[in-house]
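Here is the structure we will look at, set down as structure tokens.
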Amino acid sequence: MIQLQHIKKTYQMGAVQVQALSDVSLSIGRGEFVAIMGASGSGKSTLLHILGLLDKPDSGSYSIGGEEVSVFKDRELAVLRNTLAGFVFQQFHLLSRVTALENVELPLVYAGKRKLKEKALKRLEEVGLGPRMKHRPNELSGGEQQRVAIARALVNDPLVLFADEPTGNLDSKTEEEIIKVLESLNRQGITIIMVTHEKEVAVRARRIITMRDGKILSDETVKHGPSNSPTAENAVSVGSLMKEIRSSGMGAHFFDHCRQALHAIFSHKLRSFLSMLGITIGVTAVIAMLALGEGAKESISQRLASLGSNLLSVSPGSRRLHGVAMEAGAVTRFTLQDSEALLKLPQVKRTSCSVRGRGQMVYKNKNWNTTVQGNESSYAAMRASVPKIGRFFTDEEVRSRAKVVVLGATVVNNLFENENPLGRDVKINRINFKVIGILPEKGSGGWRDQDDVVVIPITTAMYRLLGKEYVDSIDVEIKDSNLMEEAQKAMRDVIRKRAHLAKDAEDNFEIRNMAEIQETLESTTTTMTLLLGFIAAISLLVGGIGIMNIMLVSVTERTKEIGLRKAIGAGSGDLLIQFLIEAVMMTVLGGCIGIAFGWGIAKSLSLIAGWATKVSLQSVLVSTSFSILIGVVFGVWPARQASRMNPVEALRYE
Ligand code: ADP
Ligand code: MG
């Protein structure tokens, strides 16, 4: 069944070349029980590793059942290790964090046959460890651990059992137990190839091969008697097995990978938690910061919507240098007549002058100091201020300097408790006004409360209340947004003419376009959101690097485990997926916690500090997919490291 021809294996140790195997030719048949003996360093383990497909020879040919092994691909080798061979090591090599039963199940997992769980239990019972299946390796004696390892080697019904000094770490009584198990397995037809350096152990085999310095010294059959013919169960030909292997898409199921990954995460709780923390903080930052940015943007655009559209605002103001007026006293002041002149322009739809001042409001025993704004009646329509309750003042009331007032919501709240303010008399700076309406709420946008205001007719404000001769600004609504520039130019000419400005004189007034202000504000908040998001993304990146770091450490730390998994038939793909899933699970878990935290922070900011925040679905999706991406990107490198390892070297790793 097994045929070795002129096998050579050389190890390079610095400048020295060690010939571990030099020209070994060997043939082993079905059902044999072979012991390989020899002094330490004679190449026994090397030979066994090559036989067991854990290592590749430098030259020579190796065939199993007539199939040349050297042409097999990585995947096929993994499958062969899983189904054809079972391995028992001197150091047992059990996974320390899982139970005996789960250790035995492992080859089934990689064969994609975990549903055959009872088989693992059966094998465990066969080696006499049924009652201890829930125990972990550190709760088992050396002999028991080795029996678990044998059960694991047998669980996939291998044709050959390879044992490298299976009794080397055991006392003589346990040694006897193990040998008995091997003998009985051989009687069932399983081929056994065992390395040992003890004569007493070797004589229990049927054939003893002695090695020295990488060569076979002698090869003798010690027991004749009836050779163990393979039982029907084990009589499958290697050829048909190979065919089956090639056709089957063997490999562990996704669910099993997830189980393994979860297990790995939970067996290092603190470490996993700490590495997740990076992602959690990153995602928290992203969610909270984007929520702030979004909230700011939304409250600004809400506020801007109440400004009205196609508006130009004319206000006095000279050319300024670093905030200092250049020519004091040379500012153009505006009057109601200026507003009327502007209204005559063909592009202008309507105008509204306004003046502002402070006013002390009194109603019954309540006092409130607020902004008093004098406006024309067109203000309501131009600045989205048509009252929902009551009404705005009319042109007639403006002309007659009527003492009527429209209140902002904040003023209403502070002066009137449960009373309806409509029709009541309030005092503003000791003058009686009648409340005729309540302004629609505009919200408090950042720097000032837009509802803390009262509006009265501009004439009343100028001549009765504030004693002003000039208006503070004129709002001009243009008929069409395409006419804005043209209108601006026309208005400038009208104003310059009325102010008698010399041709070469600078403008000493300002015409501002509200749409431009709007755009500036919006782009500012967008920039702010982007900047915040960028900072947050950096912390996510740092978190990702943290995960990569932990994964790399974990790969190094678990090198032996990786070697073992490979030895019992895990393919490179299996390990790649397993480590990748582990990384992705950590990032996703960390990301979900981060989303919850970020949302919580955003909510408490708006509850406690009163900041406008808005957690958008978009930011949740972005940070979720970003953390998955980080898991994949930063998991791939360690996962590749893990999957590429040579099983023997990984097992030997200290
Ligand atoms: P043993 O018969 O004791 O099992 P081995 O097969 O383990 O011997 O080793 C045979 C020789 O090859 C020894 O001289 C050992 O030092 C050398 N050797 C084995 N593995 C390696 C390795 N990975 N790197 C370098 N030398 C090795
Ligand atoms: Mg050895």
Legend entry - Side-chain donor-acceptor pair present, Thr83, Asn156, cut-off under 3.5 Å: no
Inset, instruction - Using only heavy-atom distances, determine whether the side chains of Thr174 and Glu177 contain a donor-acceptor pair under 3.5 Å. - result: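 Not at all, the side chains of Thr174 and Glu177 share no donor-acceptor pair under 3.5 Å.
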N/O donor-acceptor pair under 3.5 Å between [X] side chain and [Y] backbone:
X	Y	value
Gln145	Phe92	no
Thr196	Val201	no
Gln146	Gly143	no
Asn186	Gly31	yes
Ser623	Val620	yes
Tyr110	Gly571	no
Arg147	Val127	yes
His263	Arg259	no
Arg81	Lys566	yes
Glu139	Arg136	yes

Assess whether atom [atom1] of [X] is packed by more than 12 heavy atoms of other residues, nucleotides or ligands within 6.0 Å.
X	atom1	answer
Lys122	NZ	no
Asp171	CG	yes
Lys56	NZ	no
Glu220	CD	yes

Inset, instruction - Report the C-alpha separation of Asp157 and Lys119 in whole Å, then their side-chain angles, then the decisive distance to 0.1 Å, and conclude whether the salt bridge (Lys or Arg N to Asp or Glu O under 4.0 Å) test is met. - result: CA-CA 10 Å; Asp157 302 316; Lys119 210 160 143 191; 2.9 Å; yes
Qualifying ring-ring contact (aromatic ring centres under 6.0 Å, His included) pairs, either residue in [range], two or more places apart:
range	result
residues 195-217	none
residues 565-594	none
residues 118-156	none

Just to verify, what does [X] make a side chain to side chain donor-acceptor pair (under 3.5 Å) with, not counting sequence neighbours?
X	value
Asp58	none
Thr99	Glu102
Glu561	Arg558, Arg565
Gln12	Gln17

Are the side chains of [Y] and [X] in contact, using a 4.5 Å heavy-atom criterion?
X	Y	answer
Ile179	Thr167	yes
Phe597	Ile287	no
Gln5	Tyr62	no
Glu175	Glu198	yes
Pro107	Ile568	yes
Pro137	Asn103	yes
Arg212	Met37	no
Ile2	Ile193	yes

Inset, instruction - Please name all residues satisfying salt bridge (charged side-chain N to carboxylate O under 4.0 Å, His left out) with Glu126, sequence neighbours left out, ordered by chain then number. - result: Arg123
Inset, instruction - Only counting residues at least two apart or in another chain, list the ones meeting side-chain contact (heavy atoms from CB on, under 4.5 Å) with Val18. - result: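 Result, side-chain contact (heavy atoms from CB on, under 4.5 Å) vs Val18: Tyr11, Met13.
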Inset, instruction - Could you go through the salt bridge (Lys or Arg N to Asp or Glu O under 4.0 Å) check for Glu32 and Arg206 one step at a time? - result: CA-CA 7 Å; Glu32 283 200 67; Arg206 294 172 174 279; over 6 Å; no
Inset, instruction - Apply side-chain contact (heavy atoms from CB on, under 4.5 Å) to the pair Ile28 and Arg207, showing each step before the final yes or no. - result: CA-CA 10 Å; Ile28 296 171; Arg207 177 177 168 191; 3.9 Å; yes
Inset, instruction - Sort and list the pairs that fulfil side chain to side chain donor-acceptor pair (under 3.5 Å) and have at least one residue in residues 271-287, not counting sequence neighbours. - result: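 Counting only pairs at least two positions apart or across chains, the side chain to side chain donor-acceptor pair (under 3.5 Å) contacts touching residues 271-287 are Arg271-Glu557.
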Inset, instruction - Please report the closest heavy-atom contact between Val615 and Trp599, naming both atoms and the distance. - result: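 Heavy-atom minimum between the residues: CG2-CD1, 3.5 Å.
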Inset, instruction - For the pair Asp55 and Lys9, find out whether any cationic side-chain nitrogen is under 4.0 Å from an anionic carboxylate oxygen. - result: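 Answer for the salt bridge query: yes.
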Inset, instruction - Hey, could you give me the CG/OG distance between Leu4 and Ser63, rounded to the nearest 0.5 Å? - result: 8.0 Å
Inset, instruction - State the CG-CG distance between Leu185 and Leu154, to the nearest 0.5 angstrom. - result: 5.0 Å
Inset, instruction - Apply side-chain contact (heavy atoms from CB on, under 4.5 Å) to Leu124 and Leu101, showing your working. - result: CA-CA 7 Å; Leu124 211 49; Leu101 185 63; 4.1 Å; yes
Indicate every side-chain donor-acceptor pair of residues 633-652 with a distance under 3.5 Å to a residue at least two apart or in another chain.
{"residue": "Ser643", "atom": "OG", "partner": "Ala639", "partner atom": "O", "Å": "3.4"}
{"residue": "Ser643", "atom": "OG", "partner": "Arg640", "partner atom": "O", "Å": "3.1"}
{"residue": "Asn646", "atom": "OD1", "partner": "Val648", "partner atom": "N", "Å": "2.9"}

Legend entry - Contacts of Phe89 that satisfy ring-ring contact (aromatic ring centres under 6.0 Å, His included) - sequence neighbours left out: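 Per chain and number, Phe89 pairs via ring-ring contact (aromatic ring centres under 6.0 Å, His included) with Phe87, His93.
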